[in-house]
Amino acid sequence: QVTLVESGGGLVQAGDSLRLSCAASGNTFGTGAMAWFRQAPGRQREFVAYISRTRDSTQYAASVKDRFTISRDGGMTTVSMQMNRLNPEDTGAYYCRANVWTPATGSVDYWGQGTQVSVSS
């Protein structure tokens, strides 16, 4: 079992920056790729950014490319996302996802509870 806890959300003005973090705990030995998703009120959850286990591959949604940067620590259990030039369309609950493989469970996606980002115009 793996638990993910996000932090760093808040209320900011358009143009400001925030840094989100997600810490994994539990049986994290098999943690692979990690990613951020977000969900605005009344909308489906959408992909934001991805980083591979070895940190050599990252992907971003077109709407955040060149503004957001995803990273993870050397221990592979914490993923962060620097968000710059925020705009009201970035408002939503941000969720961390980690893919974890174990011999017993195979590949399982775990999700955090989310952290709220609100951007005022």
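Just so you know, these numbers come straight off a predicted model, no measurement behind them.
- Within the model, atoms CG of Asn87 and CD of Gln13 stand 13.5 Å from one another, a figure rounded to the nearest 0.5 Å.
- For the atom pair CD of Gln116 and CG of Leu11, the computed distance is 9.5 Å after rounding to the nearest 0.5 Å.
- Contact detail for Ser121 and Ala14: the closest heavy-atom pair is CA-CB, 4.3 Å.
- With values rounded to the nearest 0.5 angstrom, Leu20 atom CG is found 4.5 Å from Trp36 atom CH2.
- A heavy-atom distance below 4.5 Å is found between the side chains of Met83 and Val117.
- Side-chain contact check for Thr31 and Thr28: no donor-acceptor pair (N or O, by modelled atom type) lies under 3.5 Å.
- Asn84 is listed as a side-chain neighbour of Gln82, based on a closest heavy-atom distance under 4.5 Å.
- Linking ILVMFWY side-chain heavy atoms closer than 4.5 Å, directly or via other members, places Tyr95 and Val64 in two distinct hydrophobic clusters.
- Of all the heavy atoms in Val2 and Val100, the pair that sits closest is CG2-CG2, 3.9 Å.
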Determine whether Arg38 and Arg45 satisfy the following criterion, side-chain contact (heavy atoms from CB on, under 4.5 Å), listing intermediate values before the conclusion. CA-CA 5 Å; Arg38 68 186 180 188; Arg45 190 171 299 188; over 6 Å; no

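- Distance CD1/Ile51 to CE/Met81: 11.5 Å, rounded to 0.5 Å.
- Between the Gln59 side chain and the Ala49 main chain, no donor and acceptor come within less than 3.5 Å of each other.
- Within the 3.5 Å criterion, the main-chain N or O of Val119 finds a donor-acceptor partner in the side chain of Thr91.
- For an aromatic pair to be called close, the ring centres must be under 6.0 Å apart, and Phe37 with Phe47 satisfies this.
- In this structure, Ile70 and Tyr60 approach most closely via the heavy-atom pair N-OH, 2.9 Å.
- Ring planes of Phe68 and Tyr94: tilted class, angle from 30 to 60°.
- Of all heavy-atom pairs spanning Cys96 and Val79, the tightest one is SG-CG1, 3.7 Å.
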What do the steps show when you test Arg67 against Asp90 for side-chain contact (heavy atoms from CB on, under 4.5 Å), and what is the final call? CA-CA 11 Å; Arg67 296 189 299 123; Asp90 296 317; 2.8 Å; yes

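- To the nearest 0.5 Å, the span separating OG1 on Thr77 from CE on Met34 amounts to 7.5 Å.
- When hydrophobic clusters are built by joining Ile, Leu, Val, Met, Phe, Trp and Tyr residues whose side-chain heavy atoms come closer than 4.5 Å, directly or via intermediates, Phe29 is not grouped with Tyr110.
- Residues Arg85 and Asp16 are not paired through a salt bridge, judged by the lack of any N-O separation under 4.0 Å between the basic side chain and the carboxylate.
- Nearest heavy-atom pair across Met76 and Arg55 is CE-NE, 3.9 Å.
- By the 4.5 Å heavy-atom criterion applied to side chains, Asn99 and Ser107 are counted as neighbours.
- Checking each of Cys22, Ser21, Ser80 against Ser7 for a side chain to side chain contact (heavy atoms under 4.5 Å, CB included) leaves exactly one that passes, namely Ser21.
- The number of heavy atoms from other shown groups lying within 6.0 Å of CD (Gln113) does not exceed 12.
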